[in-house]
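For the single chain, residues carry numbers from 1 onward in sequence order. In this text, all values refer to a predicted model and were calculated from it rather than measured experimentally.
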Amino acid sequence: MTTPPAPPGTIEPSSLIRPGTVEAPVLTQARISAEITAARDDYARSIAAGAPVRSHPDRDYAPYRSSTLRHPRHELTAMGSDPEDVELSGPVFGVTDITDLDHDLTRRHQGEPLGERITVTGRVLDRSGRPVRGQLVEIWQANASGRYAHLRDQHPAPLDPNFTGVGRCLTDDQGTYSFVTVKPGAYPWRNHANAWRPAHIHFSLFGSAFTQRLVTQMYFPGDPLFAYDPILQSVTDDDARGRLVAAYDHDLSIPEWSLGYRWDIVLDGPSATWIEEGR
């Protein structure tokens with residue numbers, strides 16, 4: 001019998017945090033998994049009753065505790081009748097800011113980074129399947145051990161002196177982007193006890209200015225952590241969640257060099273890729 005979910009924000013009394021310490025409340029994976037199942041069941045019932053498909057997560061998705069505590073509670077504030085007013089005060093990048101090496105995260109340092117070298121490519125498309133040309137695409141990610149090159153990441157996995165984990169490129173006339181990098185590792189986070197994030201790469205897409213930025217995440221096929229991750233599972237629609245997972249493409253793999261993954265990003269419409277800011 002499935003354990004009913006606790007109200008949002010509830011901390012479940014459970015086992016010890018670690019042997020030898022005083023007893024403390026621990027939010028268990030079992031509890032989070034029960035809440036994930038309950039949210040998915042609620043969504044399935046709403047679809048069966050005729051509700052529209054929701055490809056975007058609820059802002060107060062309970063299993064992801066940060067969304068419960070920090071999600072916006074008011075509508076976005078309009079910036080005036082002329083949207084270009086915002087652009088007048090925002091920075092703008094130029095195509096000359098991108099170098100030929102920016103797409104290759106394995107060539108930023110003197111040595112080779114550790115880990116499985118991969119090529120990630122795909123197309124940026126509009127809702128009609130037309131290519132979005134000249135799109136600035138940026139990525140950032142953890143290294144092969146699951147650690148970001150950032151002061152706030154204190155995960156006791158090794159830093160790689162030959163891997164910073166950021167890159168960018170522009171889409172070509174077919175809307176194609178391409179990166180060479182290493183497959184990131186899974187890493188722990190503090191949503192609940194024994195919480196681990198699946199391997200993923202963050203993507204940022206800009207329009208014609210930085211104020212039009214969209215952010216999303218790409219996952220790798222077959223990751224056993226999918227079912228346990230409340231961030232990925234917050235996308236309760238199966239099709240929308242599946243669009244966040246790249247496909248392994250053997251034709252993209254380069255002999256003796258790298259494995260290939262393909263992931264298209266659709267900016268709008270029924271097949272849109274989930275974007276963190278919503279629409």
Side-chain angles (χ1 to χ4, degrees), residues 55-56 76 79-80 82-108 117-141 164-184 200-221 235 239-254 257-279:
S55 59
H56 197 275
L76 296 175
M79 296 300 294
D82 186 355
E84 292 188 356
D85 288 347
V86 178
E87 311 296 353
L88 294 176
S89 59
V92 178
F93 78 94
V95 295
T96 56
D97 295 329
I98 310 294
T99 74
D100 292 339
L101 292 179
D102 285 351
H103 76 287
D104 190 341
L105 284 69
T106 69
R107 300 179 63 184
R108 301 297 180 79
R117 186 184 292 105
I118 61 174
T119 299
V120 178
T121 189
R123 301 179 72 198
V124 180
L125 305 167
D126 67 12
R127 64 183 301 145
S128 300
R130 295 173 297 196
V132 180
R133 304 178 178 88
Q135 175 78 60
L136 175 62
V137 181
E138 294 184 334
I139 64 171
W140 68 96
Q141 63 169 93
T164 307
V166 296
R168 61 182 180 172
C169 70
L170 293 172
T171 56
D172 63 15
D173 286 344
Q174 287 71 50
T176 302
Y177 71 86
S178 183
F179 291 100
V180 178
T181 181
V182 297
K183 187 175 182 180
H200 60 278
I201 297 176
H202 298 270
F203 275 70
S204 168
L205 297 99
F206 293 90
S208 57
F210 285 159
T211 52
Q212 300 168 352
R213 185 187 190 205
L214 300 175
V215 178
T216 186
Q217 299 178 24
M218 186 206 87
Y219 296 84
F220 292 85
V235 185
D239 290 339
R241 191 170 60 255
R243 291 196 289 272
L244 295 175
V245 182
Y248 171 70
D249 188 337
H250 200 65
D251 289 337
L252 287 176
S253 296
I254 301 173
W257 178 251
S258 69
L259 296 178
Y261 292 89
R262 187 178 296 280
W263 189 57
D264 290 343
I265 301 169
V266 182
L267 298 180
D268 196 9
S271 299
T273 304
W274 169 63
I275 302 295
E276 293 183 9
E277 292 84 353
R279 294 180 174 81

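Here the shortest heavy-atom pairing between G175 and P131 reads N-CB, 3.6 Å. P184 and I201 get closest at one heavy-atom pair: CG-CG1, 4.1 Å. Here the closest heavy-atom approach between residue V235 and residue A240 is recorded as CG1-CB, 3.7 Å. The heavy-atom pair separating I265 from T273 by the smallest distance is CA-OG1, 3.4 Å. The heavy-atom pair separating G260 from Y248 by the smallest distance is O-CD1, 3.1 Å.
Under the salt bridge (charged side-chain N to carboxylate O under 4.0 Å, His left out) criterion, R262 pairs with D249, sequence neighbours left out. Every residue two or more places apart in sequence or in another chain was checked for a salt bridge (charged side-chain N to carboxylate O under 4.0 Å, His left out) with D104, and none qualifies. With sequence neighbours excluded, no residue satisfies side chain to side chain donor-acceptor pair (under 3.5 Å) with R243. Listed by chain and number, the residues in a ring pair (Phe, Tyr, Trp, His ring centres under 6.0 Å) with H202 are W140, H200 (sequence neighbours excluded). Legend: residues meeting salt bridge (charged side-chain N to carboxylate O under 4.0 Å, His left out) with R241, ordered by chain and number and at least two apart, are D238. With sequence neighbours left out, T119 forms a side chain to side chain donor-acceptor pair (under 3.5 Å) with S258. Every residue two or more places apart in sequence or in another chain was checked for a side chain to side chain donor-acceptor pair (under 3.5 Å) with D264, and none qualifies. With sequence neighbours excluded, the residues forming a salt bridge (charged side-chain N to carboxylate O under 4.0 Å, His left out) with D126 are R130, listed by chain and number.
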Run the side-chain donor-acceptor check on residues 176-183: report pairs under 3.5 Å with partners two or more places apart or on a different chain.
residue : atom : partner : partner atom : Å
Y177    : OH   : W263    : O            : 2.6
T181    : OG1  : Q141    : OE1          : 2.7

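Of the N and O atoms on the side chains of T121 and Y261, not one donor lies less than 3.5 Å from an acceptor on the other residue.
In this structure the side chain of V132 never reaches within 4.5 angstrom of the side chain of L125, judged on heavy atoms. Residues L136 and E138 have side chains in contact (heavy-atom distance under 4.5 Å, counting atoms from C-beta outward). The closest side-chain heavy-atom distance from V137 to L170 is not below 4.5 Å.
In this structure, L259 CG and R117 CZ are separated by 10.5 Å, a value rounded to the nearest 0.5 Å. Atom CZ of R168 and atom CG of D102 lie 5.5 Å apart (nearest 0.5 Å). Rounding to the nearest 0.5 Å gives a distance of 4.5 Å between CD1 of I139 and CG of L105. The CZ atom of F220 sits 13.0 Å away from the CG atom of L244 when rounded to the nearest 0.5 Å.
Side chain of R133 to main chain of D173: a donor-acceptor pair is present (N/O by atom type, distance under 3.5 Å, no hydrogens or angles). In this structure a side-chain-to-backbone donor-acceptor pair under 3.5 Å is present from R108 to V166.
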TODO: Quick one: do F203 and M218 satisfy side-chain contact (heavy atoms from CB on, under 4.5 Å)? Show the steps, please.
DONE: CA-CA 7 Å; F203 275 70; M218 186 206 87; 3.8 Å; yes
